[in-house]
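First up is the structure itself, then whatever we jot down about it.
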Amino acid sequence: MKKLMAANWKMYKTWDEARATAQELVDLAASKLPEDREVLIFPPFTAIRAVSDAFADADGFSVGGQDYYIKEEGAFTGEIAPRMLLDAGAEFGLTGHSERRHVLGENDEYIGEKTAYGLTSGLKVVFCIGEKIEERKAGKVEEVLEHQLRVGLKDVPRDINPENISVAYEPVWAIGTGEVAGVDEILEAHAFTRKILISIFGEKGNDIRILYGGSVKPANCGEIIALDNVDGVLVGGASLQSESFSQIVLA
Ligand code: 13P
C-alpha cells in the first residue's frame with residue numbers, strides 16, 4: 001500500500017499562487033518521490049485546474065476537491081458536482097473535515113451520504129474523523145470515532161476497492177494549533193479505526209489507508225509516518241509552502 005501524503009490548502013491561494021506552489025513542489029519532490037508514496041493536493045475549487053496542469057507530467061501526484069454536492073447537476077447555487085471536479089482534473093474528494101462539521105454544520109448522516117455519492121460518481125474519497133478536546137477529556141474518543149465511522153461509511157459498498165477510500169484521523173484539538181497528537185494517542189486511535197474498518201469491510205479493512213492530520217510539520221512527519229497503521233498524512237498549514245511540504249512528502 002502506498003503512503004498518501006496529502007495537503008489540504010483550505011481557503012488559501014489564488015490561481016497564480018497555487019500554480020507556482022504546485023510547480024515548485026514538482027521541481028523539489030517529483031524526481032525523488034519514493035515508489036511507495038503518492039502526493040495529493042486539495043486546492044480551493046478555483047485553483048484545481050492550475051494544480052492539475054502543473055501535475056500533468058508528474059507521476060504519483062494528484063489533485064482533489066475539498067468538497068462537493070450530492071447531485072449530478074441542477075439548481076444548487078454555489079455548489080460543485082463530482083463530475084465538475086473530475087472535469088477540472090481532480091481524482092479525489094474530501095468529506096467529513098472538522099471545519100465542515102463544526103464551522104459549516106455538516107452532520108454525520110449528510111457526510112455519509114456525500115462519501116457514498118462521491119464514490120459512485122467516480123471520485124476517490126478521503127473521509128475525515130476526529131474527536132473534540134472535550135470528548136477526549138470525557139473519555140469518549142472511541143465512542144465518537146466509532147459513530148463517525150459507522151454512519152459516515154454506512155452506504156459505502158462493502159465490496160469497494162480499498163484504494164478508493166481512505167480515512168483521515170484528525171483530532172480537532174490538533175488542527176491548526178501546533179499541538180500534534182502524541183505517539184500513543186495516534187497509535188491508539190489508528191488501531192481502533194483499523195478494528196472498526198475490519199468490522200465493517202472484513203479483510204479489505206486492512207487495505208484501507210488511515211491518514212493522520214493535525215499540526216504535521218517537517219520536524220514531526222518522519223516519526224508519525226513510521227507508526228503502525230499510519231498510511232499517510234493530511235497536512236494543512238505546513239503544506240502551503242512548497243519547501244516545507246516537499247520535506248514532509250520525502251520525510
Ligand atoms: P494543520 O496541519 O494546519 O493542523 O491542519 C490539519 C488539517 O486540517 C488538514 O486537513
Side-chain angles (χ1 to χ4, degrees), residues 3-13 17-18 21-22 25 37-45 47-48 51 62-68 85 90-106 111 114-115 118 123-133 135-136 141 144-145 148-149 152 165-183 185-186 189-190 193 209-225 227 230-251:
K3 302 244 188 214
L4 186 56
M5 314 303 281
N8 176 7
W9 283 355
K10 308 190 180 185
M11 201 173 73
Y12 292 96
K13 295 193 188 288
E17 291 162 354
T21 307
L25 185 66
R37 296 221 171 162
E38 274 181 61
V39 178
L40 167 62
I41 297 205
F42 291 103
F45 293 138
I48 288 175
V51 177
S62 0
V63 188
Q66 293 174 25
D67 192 27
Y68 52 85
L85 296 180
E91 279 177 60
F92 285 79
L94 190 65
T95 62
H97 192 277
S98 79
E99 287 141 25
R100 295 220 62 90
R101 291 176 186 271
H102 305 304
V103 184
L104 284 313
E106 292 187 10
I111 292 163
K114 196 192 296 195
T115 301
L123 291 171
K124 298 177 183 175
V125 176
V126 177
F127 159 61
C128 306
I129 59 171
E131 82 286 357
K132 296 193 266 191
I133 191 64
E135 293 165 334
R136 176 165 282 272
V141 175
V144 169
L145 298 186
Q148 290 177 344
L149 284 162
I165 178 95
S166 305
V167 174
Y169 170 61
E170 298 204 311
V172 180
W173 46 274
I175 295 180
T177 58
E179 189 182 348
V180 66
V183 163
E185 290 164 329
I186 299 175
H190 281 234
T193 300
R209 289 184 283 199
I210 307 174
L211 280 49
Y212 170 78
S215 298
V216 174
K217 304 271 181 295
N220 59 28
C221 184
E223 182 181 33
I224 292 171
I225 198 75
L227 296 173
V230 176
D231 310 307
V233 287
L234 181 55
V235 187
S239 72
L240 293 169
Q241 275 78 44
S242 54
E243 183 63 39
S244 69
F245 191 53
S246 66
Q247 288 173 34
I248 288 171
V249 162
L250 302 173

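Just so you know, ligand 1 is whichever comes first in the structure, and atom 1 is the first atom listed for that ligand.
Side-chain atoms of E91 never come within 3.5 Å of backbone atoms of L123 as a donor-acceptor pair (strictly under, hydrogens ignored).
Separation of atoms CG (L211) and CD1 (I129) is listed at 11.0 Å; rounding is to 0.5 Å.
In terms of N/O distances under 3.5 Å, ligand 1 is approached by G237. Residue contacts with ligand 1: T177 is placed with no nitrogen or oxygen under 3.5 Å of a nitrogen or oxygen of the ligand (distance criterion only).
Residue, atom and distance of the protein heavy atom nearest to atom 7 (C) of ligand 1 are E170 OE2, 3.3 Å.
Salt-bridge check for R136 with E131: passed, with a basic side-chain N closer than 4.0 Å to an acidic carboxylate O. We find that R101 and E170 are not joined by a salt bridge, their nearest charged nitrogen and carboxylate oxygen being 4.0 Å or further apart. Salt-bridge annotation for E99 and K10: present, with a side-chain N of the basic residue lying under 4.0 Å from a carboxylate O of the acidic one.
Within the 4.0 Å heavy-atom criterion, neither part of S239 lies near ligand 1. By the criterion of a heavy-atom distance under 4.0 Å, both the backbone and the side chain of L234 are placed next to ligand 1.
By the 4.0 Å heavy-atom criterion, A174 is counted among the residues contacting ligand 1. The closest approach between any non-hydrogen atom of G213 and ligand 1 is not below 4.0 Å. Within the 4.0 Å heavy-atom shell around ligand 1 one does not find A238.
The option from A168, A7, G236, G176 that lies nearest to atom 4 (O) of ligand 1, judged by heavy atoms, is G176. With K217, H97, E179, K10 as candidates, the residue nearest to atom 10 (O) of ligand 1 on a non-hydrogen basis is H97.
H190 and Y212 have tilted rings, their planes meeting at an angle from 30° to 60° on a 0 to 90° scale.
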Where do H97 and Q66 land on the side chain to side chain donor-acceptor pair (under 3.5 Å) test, with the steps shown first? CA-CA 9 Å; H97 192 277; Q66 293 174 25; over 6 Å; no
